[in-house]
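Please read these numbers as outputs of a predicted model, since none were measured by experiment. Numbers restart at 1 for each chain; the letters A, B, ... are given by sequence-line order, proteins then strands.
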Amino acid sequence: MVVIPERIDPASVVLSHDEIRRYSRHLILPEVGVEGQKRLKAASVLLIGTGGLGSPLALYLAAAGVGRIGLVDYDVVDESNLQRQVIHGTRDVGRSKLDSAAETIADLNPFVAIDRYNVPLSSANALDILSGYDVIVDGTDNFPTRYLVNDACVLLGKPNVYGSVFRFEGQVSVFYAREGPCYRCLFPAPPPPGLVPSCADGGVLGVLPGTIGTLQATEAIKLITGIGQPLIGRLLLYDALEMSFETIKLRKNPACPICGLNPTVTELIDYEAFCGVPAHDRSTFSSEGAPVRAITVDEVKARLDAGDNLLILDVREPQEWAISAIPGTLRIPKGEVLARLDELPTDHDIVVHCRTGIRSADVIRVLQERGYTRLYNMAGGINAWARRIDPTLPVY
Amino acid sequence: MAYIKIPTPLRQYTGNQAEVAIRGATVDEALRDLVARYPALAPHLYEGDDLRSFVNIFLGDEDIRFLQDLATPLSEDARLRIIPAIAGGMSF
Ligand SMILES: [Zn+2]
């Protein structure tokens, strides 16, 4: 049994008759009981992100009676979030995610106190924010924030309930450096940006973060109540297509840069520079990638209308072509471009586009290394084309 | 034949196969056989001749670093897997 947050003191709280009725299905479980329910009420959990993972986390932790829940998010609810971010509703589109989530939680369980942090988590504020909570739950979606959360948890001695998702696959663990390995013991440094699978690619089965976030909520509740075997020193691998759950063993790495024998990281660092990617879309960080020449959708349209013999290369995936496409383009998914160079003339202007312009810029950098010089990145991708040139196409 | 499980982010380089049969008496030989079969995978696993530091290879449920690393011998039906660093989320 690992009762992690020693400072949780069940003697400091009482359960009202209303609370006893509400939590009766916990109270009659011998493993939880009045003692466990009081521990939940005395506990505080910080949720970083109120998106796909944060939605089920916030709902179940609130329903379970965690006394104080902190929410960190600066984003607003977008229609494309609703496929998986079930704490928000259609009427919340355009509202702050914090307000929307806080309102849902207040309705679900008015006994929960909610702290709102309407900011991106950063090296400047992380230690202050995290230090006020017993358990930290990482529901973020990018490498810089994951390393930031890990390092802050190690420095503060807090358990980090980790979960991440990709398409149909998920991972869950509890990184708690006092008792076992941390995230950096497994991944000392992130993959270089060029090798991070670009996310068009960013698709995710909507129910997947529901599964993984619910598992994280389970681990958080186990840590607080001290029941069962937490995922410390184990990484759970979930594959929704195979419907398989497997666990692998993680060990503390003596050479870990932050929790090892001779740590080289002793304070929070610049995680965007460390990972080479921005942490969020309001970041001013720009990666080291060589700049590529841009062309606007209006210029492309004007050149086509003028009869210009322009080659337009669409580097999205086939499933995206079914959503929207510009007629007459050459379509080669990003991953196949190098194998199909014979289809790309070097003596011809080529406009490369993807959904929003990130993947196409990557393709242009790779082609430039192969001697191509007449390349243009269509700014804003096909979504810009749909907004400005052809409104019959959907934006996705 | 040993088998290696390919994580979703790398399946685009293995013709979308989730598991690939490979030959080798050791982890090192098996991984080199893997990239010989799927050359597009090579830059994701190797930097020059060395396995990239962020690539985690497990045999069963054990990290090969805590076995005999790349020299770990493989049985005929060994199950290897690559553990990817996934950040999650949706971008771009
Ligand atoms: Zn560590």
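Between B:E19 and B:R11 no salt bridge is recorded (no basic side-chain N to carboxylate O distance below 4.0 Å).
Neither the backbone nor the side chain of A:E336 comes within contact range of chain B, judged by heavy atoms closer than 4.5 Å. Looking at A:D239, the atoms closer than 4.5 Å to chain B (heavy atoms on both sides) all sit in the side chain, from C-beta outward. Contact annotation for A:S80: neither backbone nor side-chain heavy atoms come within less than 4.5 Å of a heavy atom of chain B. With a 4.5 angstrom heavy-atom cutoff, A:L235 touches chain B only via side-chain atoms. Neither the backbone nor the side chain of A:L338 has a heavy atom closer than 4.5 Å to any heavy atom of chain B. Interface remark: A:Y147 contributes no atoms to any contact with chain B (heavy atom separation under 4.5 Å).
Your options are A:L208, A:L186, A:I212, and the one with the most heavy-atom pairs under 4.5 Å with chain B is A:L186.
Of the possible donor and acceptor atoms, none in the side chain of A:E272 sits under 3.5 Å from a partner among the backbone N and O of A:V277.
Aromatic ring centres of B:Y13 and B:Y38: separated by at least 6.0 Å.
Residues A:Q171 and A:Y238 have side chains that never bring a donor and an acceptor to within less than 3.5 angstrom of each other.
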Take A:F175 and A:Y183 through the test ring pair (Phe, Tyr, Trp, His ring centres under 6.0 Å) and record every step on the way to the result. CA-CA 6 Å; A:F175 294 116; A:Y183 182 69; 5.8 Å; yes
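Residue A:Y271 forms a side chain to side chain donor-acceptor pair (under 3.5 Å) with just one option from A:N142, A:N150, A:D151, and that option is A:D151.
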